[in-house]
Amino acid sequence: MTDDARYDMTTGEGLVVCPRCDALFIEVELEDGETARCTRCETVIARPRTGAFSQIIALSFTTMVLMVGAVFFPFLEISRMGFGNATSIFGVVLAYADGVLLPLVLGMVAMVVALPVIRASLLLYVLLPLAKGQAPHRHAAGAFRLSEQMRPWSMAEIFIIGTSVALVKVAGLATIHLGPAFWAFCALILVNVTAKGYMCQTTIWDAIEDGGASTDGRELVDGLRNANHDVLAADRP
Amino acid sequence: MMGWGKAGEVDDSDDGPRTVLTAHRAGLIGCRACGRVWPEDEVTCHRCGARLTPPDRRSLQAVWAWLIAGMIFYIPANLYPMMSTQTFAGLQGNSKATIYEGVIELIHHGNYDIAIIVFLASIVVPIGKFVSIIWLARAAGRPASVEDAHLRLKIYEVVEFIGRWSMIDVFVVAILAALVQLGFVASIHPGPAAVSFALSVAFTMLSAQSFDPRLIWRGLPLRRSR
Ligand SMILES: [Zn+2]
Ligand SMILES: [Zn+2]
């Protein structure tokens, strides 16, 4: 790391901006485990963790495997007066294949199944070469940006809460058994939460930019090294 | 070493006025997607490919447009039934329930906690979001004290975080409809409100995403003392 950080106020080189408040910072490499916060709005700008890339890769693979199970195994089983009905998510989509409500169901499947899978594959595409210290694939930057844009629309956890509410509503009407796919979904949410803990966008952007040369998840940005300490300790507006 | 990590500013005195230099003030433009800084005349970020936009109140037009779309679709979402329940091929009766009636029904059955979840997700959160976004969009870019700005940012973060959770009721209806295919015993069909509610939530999410939080800080005085 360079002690006297080099920066250029005309080209923006060596500078970093807070996405929430536009405050400028000088790019400095962070130690592993350090957290860089914006001194103005306290948004976390970077939080590098050792081995984060390999963790996210492992978790992305897990997501894809779990999702296969979640789609094809029975999700819930419902029975009343001898009439039983086991439904996988795949079966639900087929049931609506020619209905008026097809758009609604497709939209839901996109948010619950497709987006998490696409995000996992994009992250694998971006991080696999970076974790090995190789140059990133072509369009890695676009792939990572797309994955970030999809994040708010990926709604697996909301789907599970919705399922729980639905179970209570039918409770009087029929008997419900939870299928393996339901539990696969619950596992997916845990995987997601864990992956979020390892996710540091700034680190990934830096690694993409540096061509994977000097990175193993710890190289970092931001003049917050000093800022961080000073401000959190001394300056609360 | 920099006292504050503020670019171009070396201020080691602990009690002097301190400055917050923004990219905009410095004649630069920052990428909201990846944090890189570019000269002001650049239009796309060379690192991540995102379009670079200056913090400008004109970007609020998109916020208003999506918000109005979201509010319009919220009206039929409340007037029409979310779903209709048919039992015994209609012999025992058909019932259609709007969002509000659904909550009342849950209360009648004694499911208070579920009633509260649905009430919060389908009524309190959407309306709270409309009000918050209107307030944010009107306040953005206006002069503010540091406390005001932090309050605005807090509200923006809450709106951003909580918006997706309104989708719960749409999922509930779709799951019920899909699962309760018990032939003539009982069946549940999604009503028109389910679709318009889903659209309302999606448009409101887009509205919140179009809001540029950098505008929150634009009215702040450049210098402030501790
Ligand atoms: Zn900030
Ligand atoms: Zn960028």
Side-chain angles (χ1 to χ4, degrees), chain A residues 7 9-12 15-17 19-26 39-41 45 76 78 80-81 83 85 87 92 95 101 103-105 107-108 141-142 144-145 148 152 155 158-159 161-163 165-166 168-170 172-174 201-202 205 209 221 223-227 230-231 234-235 237, chain B residues 1-8 14 18 20-24 26 28 30-39 47-50 55 106 109 111 114 117-118 146 153 164-165 167-168 170-172 174-176 178-183 185-186 190 194-195 198 205 209 213-214 216-217 224 226:
Chain A
Y7 61 91
M9 289 297 287
T10 52
T11 63
L15 295 170
V16 161
V17 81
R20 287 274 155 99
C21 73
D22 211 31
L24 265 185
F25 298 100
I26 299 164
T39 51
R40 190 193 211 183
C41 70
I45 296 186
L76 295 173
I78 185 167
R80 179 186 168 173
M81 292 177 170
F83 293 89
N85 204 341
T87 322
V92 172
L101 288 160
L104 180 69
V105 173
M108 275 186 41
F144 184 56
R145 195 159 60 90
E148 284 299 292
M155 299 191 178
I158 297 166
F159 176 69
I161 304 285
T163 309
V165 174
V168 173
K169 280 200 170 184
V170 224
L173 215 62
Q201 284 84 356
T202 319
W205 281 124
E209 188 176 40
V221 160
L224 305 201
R225 159 85 83 99
N226 306 313
D230 267 9
V231 167
D235 191 280
Chain B
M1 111 143 211
M2 311 155 277
W4 242 50
K6 286 285 152 6
D14 265 349
R18 297 189 148 174
V20 174
L21 182 63
T22 64
H24 190 66
L28 297 163
C31 174
R32 279 184 63 203
C34 75
R36 256 269 161 275
V37 184
W38 302 100
R47 171 155 81 169
C48 72
L106 280 167
H109 286 91
N111 296 317
I114 299 294
I117 293 180
V118 175
V146 176
L153 185 70
R164 330 155 52 231
W165 288 93
M167 278 293 186
I168 287 179
V170 180
F171 285 126
V172 171
I175 294 161
L176 284 179
L179 288 180
V180 192
Q181 290 164 337
L182 293 180
V185 179
V195 178
M205 280 174 71
Q209 285 173 17
R214 295 175 302 180
I216 287 173
W217 310 85
R224 61 187 168 104
R226 296 173 65 202

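In what follows, chains carry the letters A, B, and so on, assigned in the order in which the sequence lines appear, proteins first and then strands, with residues in each chain numbered from 1. Only this structure's heavy atoms are used, side chains among them; waters, hydrogens and symmetry mates stay out.
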Output the option from [options] having the highest count of non-hydrogen pairs under 4.5 Å with chain A.
{"options": "B:I114, B:V118, B:V195, B:V170", "answer": "B:I114"}
{"options": "B:M205, B:H24, B:H109", "answer": "B:M205"}
{"options": "B:P55, B:A174, B:P190", "answer": "B:P190"}
{"options": "B:G35, B:A198, B:G30", "answer": "B:G35"}

Pairs of heavy atoms under 4.5 Å with chain B: top-ranked of [options]:
{"options": "A:G107, A:P152, A:P103", "answer": "A:P152"}
{"options": "A:A141, A:C21, A:G162", "answer": "A:C21"}
{"options": "A:M108, A:Q201, A:E148", "answer": "A:M108"}

At their closest point, which heavy atom of [X] faces which heavy atom of [Y], and how far apart are they?
{"X": "A:C41", "Y": "B:W217", "result": "CB-CZ2, 3.2 Å"}
{"X": "B:P213", "Y": "A:P19", "result": "CG-O, 4.1 Å"}
{"X": "A:V17", "Y": "B:R36", "result": "CG1-O, 4.3 Å"}
{"X": "A:M9", "Y": "B:A26", "result": "CE-CB, 3.7 Å"}

Subject >> Interchain contact, A:T10 with chain B, by part (heavy-atom threshold 4.5 Å) >> reply: backbone
Original post:
So what's closer than 4.5 Å to chain B heavy atoms on A:L104: side chain, backbone, both or neither?
Top reply: side chain
Original post:
Who pairs with A:F159 by ring pair (Phe, Tyr, Trp, His ring centres under 6.0 Å), at least two apart in sequence or on another chain?
Top reply: A:F75, A:F185, B:F171
To the nearest 0.5 Å, what is the distance between [atom1] on [X] and [atom2] on [Y]?
{"X": "B:L176", "Y": "A:L76", "atom1": "CG", "atom2": "CG", "value": "10.0 Å"}
{"X": "A:I161", "Y": "B:I168", "atom1": "CD1", "atom2": "CD1", "value": "6.0 Å"}
{"X": "B:R164", "Y": "A:M155", "atom1": "CZ", "atom2": "CE", "value": "5.5 Å"}
{"X": "A:R145", "Y": "B:C31", "atom1": "CZ", "atom2": "SG", "value": "8.0 Å"}

Original post:
Who are the salt bridge (charged side-chain N to carboxylate O under 4.0 Å, His left out) partners of A:R20, not counting sequence neighbours?
Top reply: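 Expected list: B:E157, B:E160.
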Original post:
Mind checking whether B:C48 and A:F144 have side chains closer than 4.5 Å, heavy atoms only?
Top reply: no
